[in-house]
Amino acid sequence: MRADIQNLFMGIHMLYFAHEKDLTVTEMQPELEDLGYRVAEREVKQELERLTQGNFLTAHNDAYSITRTGTEEFKDIQAKLQVLSNGVLKPLKAAGTTK
């Protein structure tokens, strides 16, 4: 998976996990690895910082909490993912066939 796409999905997963409880880098890395991401601690930290800069998370000590903006963004993402999944999860047609 391309790095930019992976980072996008990681950010969505982080917002989901942050909605459940506060995040730390050391807790988040194995969670992401269990989901199939290959990430170093540095990459996890960078994505958490990016989400913090976007006001989706707030940092306190070594933990990150979701903000009201982050919750609203996550709700918007959920709605878009529902629409997207209805289309993209359909079986693909064989190459060379038409509609």
Side-chain angles (χ1 to χ4, degrees):
M1 180 182 305
R2 289 182 2 206
D4 58 334
I5 301 297
Q6 176 173 291
N7 290 343
L8 177 65
F9 281 115
M10 277 183 14
I12 292 169
H13 274 109
M14 288 177 174
L15 288 176
Y16 166 74
F17 286 117
H19 189 263
E20 299 292 314
K21 67 176 193 156
D22 288 356
L23 307 177
T24 65
V25 173
T26 55
E27 291 174 341
M28 198 69 245
Q29 184 177 3
E31 291 281 357
L32 292 170
E33 288 175 347
D34 286 347
L35 292 168
Y37 298 103
R38 291 157 122 201
V39 292
E41 185 176 301
R42 176 184 55 81
E43 294 168 304
V44 175
K45 178 75 171 162
Q46 286 174 339
E47 189 60 25
L48 288 168
E49 289 299 322
R50 188 186 68 75
L51 291 168
T52 300
Q53 289 172 357
N55 194 33
F56 302 121
L57 298 177
T58 186
H60 44 94
N61 298 325
D62 65 340
Y64 296 81
S65 301
I66 197 163
T67 63
R68 181 175 293 144
T69 301
T71 299
E72 292 304 314
E73 182 72 6
F74 185 68
K75 288 178 184 177
D76 289 344
I77 289 168
Q78 285 181 310
K80 297 291 188 213
L81 284 174
Q82 184 66 49
V83 172
L84 180 66
S85 68
N86 289 337
V88 301
L89 294 180
K90 293 178 185 173
L92 294 176
K93 294 182 169 117
T97 62
T98 59
K99 293 184 180 186

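In terms of the salt bridge (Lys or Arg N to Asp or Glu O under 4.0 Å) criterion, residue partners of Asp4 (sequence neighbours excluded) are, by chain and number, Arg2. By the side-chain contact (heavy atoms from CB on, under 4.5 Å) test, Thr26 pairs with Thr24, sequence neighbours left out. Checked against side-chain hydrogen bond (donor to acceptor under 3.5 Å, both in side chains), Gln6 has no partners two or more places apart in sequence or in another chain. Residues passing the salt bridge (Lys or Arg N to Asp or Glu O under 4.0 Å) test with Glu47, sequence neighbours excluded: Arg50. Remark: Glu49 engages Lys45 in a salt bridge (Lys or Arg N to Asp or Glu O under 4.0 Å) (not counting sequence neighbours).
For the residue pair Thr67 and Leu57, the shortest heavy atom distance occurs at CG2-C, 3.6 Å.
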Distance-only criterion, 3.5 Å: show the donor-acceptor pairs between side-chain atoms of residues 9-21 and protein atoms not counting sequence neighbours.
residue: His13; atom: ND1; partner: Phe9; partner atom: O; Å: 3.2
residue: His13; atom: ND1; partner: Tyr37; partner atom: OH; Å: 2.8

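Between the side chains of Gln29 and Glu33, a donor-acceptor pair is found at a separation under 3.5 Å.
We find the CD-CD1 distance between Gln82 and Ile77 to be 14.0 Å, quoted to the nearest 0.5 Å. The CD atom of Glu73 sits 9.5 Å away from atom CG of Leu51, with the distance rounded to the nearest 0.5 Å. Taking CE of Met28 as the reference point, atom CG of Asp22 lies at 12.5 Å (rounded to 0.5 Å). Between Thr52 atom OG1 and His60 atom NE2 the span is 9.5 Å, to the nearest 0.5 Å. Going from atom CG of Leu32 over to atom CD of Glu27 covers 12.0 Å, rounded to the nearest 0.5 Å.
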Quick one, Leu48 with Leu23, criterion side-chain contact (heavy atoms from CB on, under 4.5 Å). Give me CA distance, side-chain angles, the key distance, then yes/no. CA-CA 9 Å; Leu48 288 168; Leu23 307 177; 3.8 Å; yes
